[in-house]
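First comes the structure, then the notes that go with it.
Please read all numbers here as calculations on a predicted model, not as lab measurements. What's counted below: heavy atoms across the whole structure, side chains too, no hydrogens, waters or symmetry copies.
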Amino acid sequence: MSDNVAPNEHERLRTLEAQVQVLAQAVRALAEGLEEIPSQDTDREKQAARGARLAHELLLSQGL
């Protein structure tokens with residue numbers, strides 16, 4: 001990062017990076033919830049609901 005960036009901009013950048021990281025975790029939770037794993041005998045609806053719930057909790061934890 002450049003030294004000429006204002007401290008407020010550094011904070012905004014850190015906040016944005018944290019939000020992007022949480023969004024990536026939420027997308028991963030959704031993808032895993034919808035993923036079909038042939039070797040596992042799971043209830044697809046329950047698996048999808050768990051993924052959606054985890055994604056929602058991640059987003060809420062960051063105020064998104």
- Query: In chain order, what residues pass the side-chain contact (heavy atoms from CB on, under 4.5 Å) check against L34, with sequence neighbours excluded?
  - Reply: A48

- Message: Ignoring hydrogens, what is the shortest heavy-atom contact between A29 and L54? Give both atom names and the distance.
- Response: CB-CD2, 3.7 Å

- Item | Where Q47 and E35 come nearest, the two heavy atoms and their spacing | NE2-O, 3.0 Å

- In short, L58 meets V22 closest at the heavy-atom pair O-CG1, 3.4 Å

- Apart from V20 itself, members of its ILVMFWY cluster (side-chain separation under 4.5 Å) are L16

- Query: Looking at CD of Q62 and CD of Q25, how far apart are the two atoms once the value is rounded to the nearest 0.5 Å?
  - Reply: 8.5 Å

- Query: Considering residues at least two apart in sequence or located in another chain, which fulfil the side-chain contact (heavy atoms from CB on, under 4.5 Å) criterion with T15?
  - Reply: E11, Q19

- Message: The criterion is side-chain contact (heavy atoms from CB on, under 4.5 Å); which residues satisfy it with R12, sequence neighbours excluded?
- Response: N8

- In the hydrophobic clustering that connects Ile, Leu, Val, Met, Phe, Trp and Tyr at side-chain heavy-atom distances below 4.5 Å, which members other than L30 occupy its cluster, ordered by chain and number? none

- Whichever hydrophobic residues join L60 through chains of side-chain contacts under 4.5 Å: none

- Message: Using modelled atom types and a 3.5 Å cut-off, is there a donor and acceptor pairing between side-chain atoms of R28 and backbone atoms of A55?
- Response: no

